[in-house]
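Before any comments, here is the structure.
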Amino acid sequence: MPRKDSKASADAQFRARVLELVAQIPRGKVVTYGQVATMVDSPRSARAGGGVLSGLKSGPPTELPWHRVINSRGGVSAPNEPHRFQVQRALLEAEGVVFRENGTCDLKAFRWVAQGWSWE
DNA sequence: ACGATGACAGTTT
DNA sequence: CAAACTGCCATCG
């Protein structure tokens, strides 16, 4: 079926794809920004992935499980908003994710991989 | 339209 | 082993 010009809304497509993917993350599991970026388009868009979530305020008021997206350290980032940091970690723990002393969880066990996708 | 910022990742010192 | 720098892409002001 007809597809719009690829040059059109490339960034918009990226955002929509990230939101859709995050929305598919099952409860109790987590994914790193790099993984999401790789799955949606480019493995170099790790930061862009975070930009999309941060841009949620200007985007759809979705109830996206953004808290299931963490950094490669397997932990939550600590930006200028320690509040979010705290909330995200609490949500993950409430879903069954266990954090270690250093504040990071075992990605080896909690990392979600979509079917058909192979991850190290 | 432009410039600066940011919820990251990977590599090197 | 741990800390610091650079690179990348999208969004915000």
Side-chain angles (χ1 to χ4, degrees):
Chain A
M1 82 274 292
R3 184 69 262 155
K4 310 180 212 86
D5 300 333
S6 43
K7 83 183 194 89
S9 327
D11 39 301
Q13 286 287 296
F14 180 80
R15 183 180 71 170
R17 228 169 280 247
V18 173
L19 298 172
E20 191 176 351
L21 179 63
V22 175
Q24 290 161 64
I25 303 174
R27 173 178 165 289
K29 290 281 183 175
V30 292
V31 260
T32 66
Y33 290 98
Q35 184 178 354
V36 174
T38 302
M39 289 173 96
V40 297
D41 192 349
S42 199
R44 301 309 207 234
S45 311
R47 194 177 254 186
V52 175
L53 298 179
S54 78
L56 276 177
K57 64 186 183 78
S58 58
T62 159
E63 294 177 31
L64 212 70
W66 53 271
H67 58 261
R68 287 178 191 154
V69 186
I70 60 182
N71 56 26
S72 63
R73 298 187 299 188
V76 182
S77 307
N80 301 329
E81 251 59 36
H83 174 52
R84 239 229 317 338
F85 172 86
Q86 187 176 298
V87 173
Q88 181 167 4
R89 184 182 146 170
L91 285 164
L92 289 172
E93 287 189 306
E95 296 192 346
V97 179
V98 182
F99 283 82
R100 298 184 101 180
E101 300 266 330
N102 74 338
T104 60
C105 68
D106 191 335
L107 283 171
K108 192 79 158 64
F110 294 103
R111 185 187 296 167
W112 171 68
V113 182
Q115 186 170 50
W117 276 90
S118 53
W119 208 257
E120 48 181 311

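Residue numbering restarts at 1 for every chain, and letters A, B, ... go by the order of the sequence lines. Computation of the quantities below employed the complete heavy-atom set of this structure, encompassing side-chain atoms and omitting hydrogens, waters and symmetry-equivalent molecules.
- At whole-Å resolution of the value, CD in A:Gln35 and P in B:dA7 are 21 Å apart.
- Evaluated for a side chain to side chain contact (heavy atoms under 4.5 Å, CB included) with A:Val69, the options A:Ile25, A:Thr32, A:Val18 yield exactly one hit, A:Ile25.
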Report task. Give the intermediate values and the outcome of side chain to side chain contact (heavy atoms under 4.5 Å, CB included) for residues A:Phe110 and A:Leu92. Result -> CA-CA 10 Å; A:Phe110 294 103; A:Leu92 289 172; over 6 Å; no

Requested in this report: For A:His83 and A:Gln88, run side chain to side chain contact (heavy atoms under 4.5 Å, CB included): C-alpha distance rounded to whole Å, both residues' side-chain angles, the deciding distance at 0.1 Å, then the answer.
Outcome: CA-CA 9 Å; A:His83 174 52; A:Gln88 181 167 4; over 6 Å; no

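- Distance CH2 (A:Trp66) to P (B:dA7): 12 Å, rounded to an integer number of Å.
- For A:Ser72, whose side chain is taken as the heavy atoms from C-beta onward, the closest listed nucleotide among B:dA7, C:dA10, B:dG10 is B:dG10.
- We find that CD1 of A:Ile25 is positioned 18 Å from P of B:dA7, with the value rounded to whole Å.
- For A:Gln86, the CD atom counts as loosely surrounded, since its 6.0 Å shell holds 12 or fewer non-hydrogen atoms of other residues, nucleotides or ligands.
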**Report entry** Test side chain to side chain contact (heavy atoms under 4.5 Å, CB included) applied to A:Val30 and A:Leu107, step by step
**Finding:** CA-CA 8 Å; A:Val30 292; A:Leu107 283 171; 4.0 Å; yes

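- The CD-C1' distance, from A:Gln86 to B:dA7, rounds to 16 Å in whole Å.
- Residue whose closest nucleotide on DNA chain B sits further toward the 5' end, between A:Gly51 and A:Thr32: A:Gly51.
- If you take CD of A:Gln88 and C1' of B:dA7, they are 8 Å apart, rounded to a whole angstrom.
- In terms of the salt bridge (Lys or Arg N to Asp or Glu O under 4.0 Å) criterion, A:Glu81 has no residue partners (sequence neighbours excluded).
- For A:Glu95, the salt bridge (Lys or Arg N to Asp or Glu O under 4.0 Å) partners at least two apart in sequence or on another chain are A:Arg68.
- With rounding to whole Å, A:Arg73 atom CZ is found 10 Å from C:dA3 atom P.
- In this structure, OH of A:Tyr33 is placed 15 Å from P of C:dT11, rounded to the nearest angstrom.
- We find that CG of A:Asn71 is positioned 14 Å from C1' of B:dG6, with the value rounded to whole Å.
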Show the distances under 3.5 angstrom between N or O atoms of the protein and N or O atoms of nucleotides 7-9 of chain C.
{"unit_1": "C:dG7", "atom_1": "O6", "unit_2": "A:Arg47", "atom_2": "NH2", "d": "3.3"}

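- Among the nucleotides C:dA10, B:dA9, B:dA7, the one closest to any side-chain atom of A:Leu53 is B:dA7.
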